[in-house]
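Down below is the structure, laid out as structure tokens.
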Amino acid sequence: MPYRFITTLTVALLLTTTFLFGQKSDYSILTISDSLKENANAVVRLNQTDIMIASQRSMNIKTKRVVTVLNDNGFQAVEAYEYYNKSSSIESISAIVYDGFGKEIKKIKKGDFRDVSAVSGSTLFSENRYIYLDYTPTQYPITVVFESETETSNTAFIPQWMPLNDYAVSIEKSIVNINYPSNLGFKYKEFNFSNFNIKKTRETATGLSFEATRIVAQKEETAGPSVSYLFPRVMMGLELFHLEGVDGNAKSWIEFGKWYNEKILTGTTDLPEETKAKIKALVGAETDPIKKAQIIYKYVQEKSRYVNISVGIGGWKPMLASDVDRLGYGDCKALSNYTKALLKAVDVSSYNVILYGNPRKRDIEADFVSMQGNHMILAVPNKNSYIFLECTSQVDPFGYQGTFTDDRNVLIVKPEGGEIVHTKIYEDLDNLQTSKGTYSIAENGDFSGKIGIVSEGSQYNQKFHNDKLSPTEMEAFYKDYWSTINNLKIKKITFKNDTDKVSFTENAEITAVNYGNVSANKMMFALNAFNPLTQNVKRIRNRKNPLEIQRGSVDIDEIEIALPVNFSIEFLPANFEITGKFGEYKTEIIKKDNSNIIYKRKFFLKKGLYTNKEYDEFRLFMEQISRNDNAKIILTKS
């Protein structure tokens, strides 16, 4: 929970104790203003980053971070860690922990930090390591003073300045100072400075400084955009940089892509002759490039496994395709490059793609040429467009992007240069879930039903892993999925995963006791048993941020309901329809005869970015749907 104000007695004790011990008032909790404690789990007292670029091949970064942690939820804000590898070294690292009075508790030297591999279970990535503060507080509040200095030859990636990077964390002061030679083409881009206390304190031909002060803790709001689109940040880069032992050029995407292809990727796709022969035999007489790519994609999925390393941490140069071939594993760069090598062996062109991989969509900034992204996939040309391959997945259908890489700007690296393109957009109407089923209600209210559910588009992504669940996991999933059916029992469930159509079908038989609420000679139950909207949209007073629906969808349901014998319909919910800026919702209830009715439902939710003022309208839209989804039929015993 966020910090609650300390009592008058506690304040008095803190003042007395602080006076007795004569500690620095700087690190006492009493010196933090109340406004910065409100809604905060931690307060960043100071976060100073000094970046010194001595040359195209040398960058030094000094960090001092002072964080007062108010409760257990705030400790992650300390961020006391550093990565290193053959291109980057940690020159110094230390921490001091103070109690709430500002009294020193513990000093932690470099040798006391935990030093671990960035990737477990992999010998090829053993050079990629990080050290972190291994400290478990026994009380709160505490203040941690963390200092580090790192040195790297890689100047391609200058860390962006993001004074605020999480909710429930406030900022007293955050500073970035960067110095650089004037001939390297330093550039920067500001984002989201409005409504924050930020000023540029220095800008010369060789230096730049920003300072942020007194930023109160932000509350996370339902369905808001990602922090990269809300919180202030500054991207920085060089036109002339160094990466993985090679000097580079980022004056334009064409030049950058050409350099990356020639200097970083060249020489990484060589394969043993026996592997080439095997792949050619596997493809056989097939001549269609896309069908060849499908065969090879399946081969990679069956042969290799993914080692999770973000782009940057594991270096920027892919490991050799011959090593992936021999070992059977790799990170996103390695597996994309390996697939590219196999395609090349059968004369199919493909290109490395750099992007931000995350269910929260984020674009490569097209107007800021620099090393960006955290993930790599592969693009196979297909007429005037591309098929994008997620080479880290052993289960994704060929060309399916799911929600991790869909609908965003990415950089395609070609021999002739870089190209910014947009990945596949799964349109609202294509994100379809169709349900058809039946259920019957016995005289005692017991439920027995069958349902078939077909999921496509981005909705496929939510379901197609279900056939890999253990029996225990499967039961837990469907009891949660059909949470409105109490006492649920799954009699049988089967799956069909059509990877060619990218369609996933669930067929289930379920039962439940007392679904119908029987009282005296009446029975009542919700008609929409299989797919009611259970999501509550939280009421937010004075909402600050926009509302974002990242992906639209359509649910279409048709359920035939057999009513219990000896009961007649006393009340049947009316048909309902609502249409607005957020989508459409419609129900139709058809009475076939006295014992059978058909329930039809369609719910279309539109993708979009809406203002904070429209949030209440959205909440009411969803409440109307939820209320109608819970509409009940009332039966009377004859």
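Small disclaimer: the values here were computed from a predicted structure and weren't measured.
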Angle between ring planes, Phe256 versus Trp259, binned at 30° and 60°: parallel, tilted or perpendicular? tilted
Can a salt bridge be assigned to the pair Lys292 and Asp347 using a cut-off of 4.0 Å between side-chain N and carboxylate O? no
Asp50/Lys62 salt bridge by N-O under 4.0 Å criterion: no
Can you see whether Asn461 engages Thr403 through a side-chain donor-acceptor pair at a distance of less than 3.5 angstrom? yes
Passing option when Ser370 is tested against Glu365, Lys189, Met235, Met236 for side chain to side chain contact (heavy atoms under 4.5 Å, CB included): Met235
Any side-chain donor paired with an acceptor under 3.5 Å for Asn261 and Lys414? no
Hey, are Glu262 and Thr266 close enough side-chain-wise for a donor-acceptor pair under 3.5 Å? no
Short side-chain donor-acceptor distance under 3.5 Å, Tyr351 and Glu419: no
side-chain hydrogen bond (donor to acceptor under 3.5 Å, both in side chains) for Thr268 and Asn337? Distances and angles first, verdict last. CA-CA 8 Å; Thr268 60; Asn337 213 52; 2.7 Å; yes
Taking the ring centre of each residue, are Tyr130 and Tyr132 less than 6.0 Å apart? yes
So does Lys291 have more than 12 non-hydrogen atoms from other groups sitting under 6.0 Å from NZ? no
is_close_aromatic(Tyr400, Tyr426), centroid dist under 6.0 Å: yes
Check whether the ring centres of Phe191 and Tyr229 lie less than 6.0 Å apart, and answer yes or no. no
Between Asp112 and Lys109, does any side-chain N to carboxylate O distance fall below 4.0 Å? no
Does any non-hydrogen side-chain atom of Val169 lie less than 4.5 Å from one of Val44? yes
Would you mind telling me which of Lys607, Lys424, Arg360 makes a salt bridge (charged side-chain N to carboxylate O under 4.0 Å, His left out) with Asp407? Lys607
Carboxylate-amine/guanidinium contact Lys278 Glu274, below 4.0 Å: no
Going by atom types alone, do Ser470 and Glu473 pair a side-chain donor with an acceptor below 3.5 Å? yes
Between Arg551, Lys361, Gln550, His422, which is the residue that forms a side-chain hydrogen bond (donor to acceptor under 3.5 Å, both in side chains) with Asp406? Arg551
Aromatic rings Tyr481 and Tyr478: how do their planes relate, parallel, tilted or perpendicular, breaks at 30° and 60°? perpendicular
Could you tell me if Ser58 and Glu151 have a donor-acceptor pair between their side chains, going purely by distance under 3.5 Å? yes
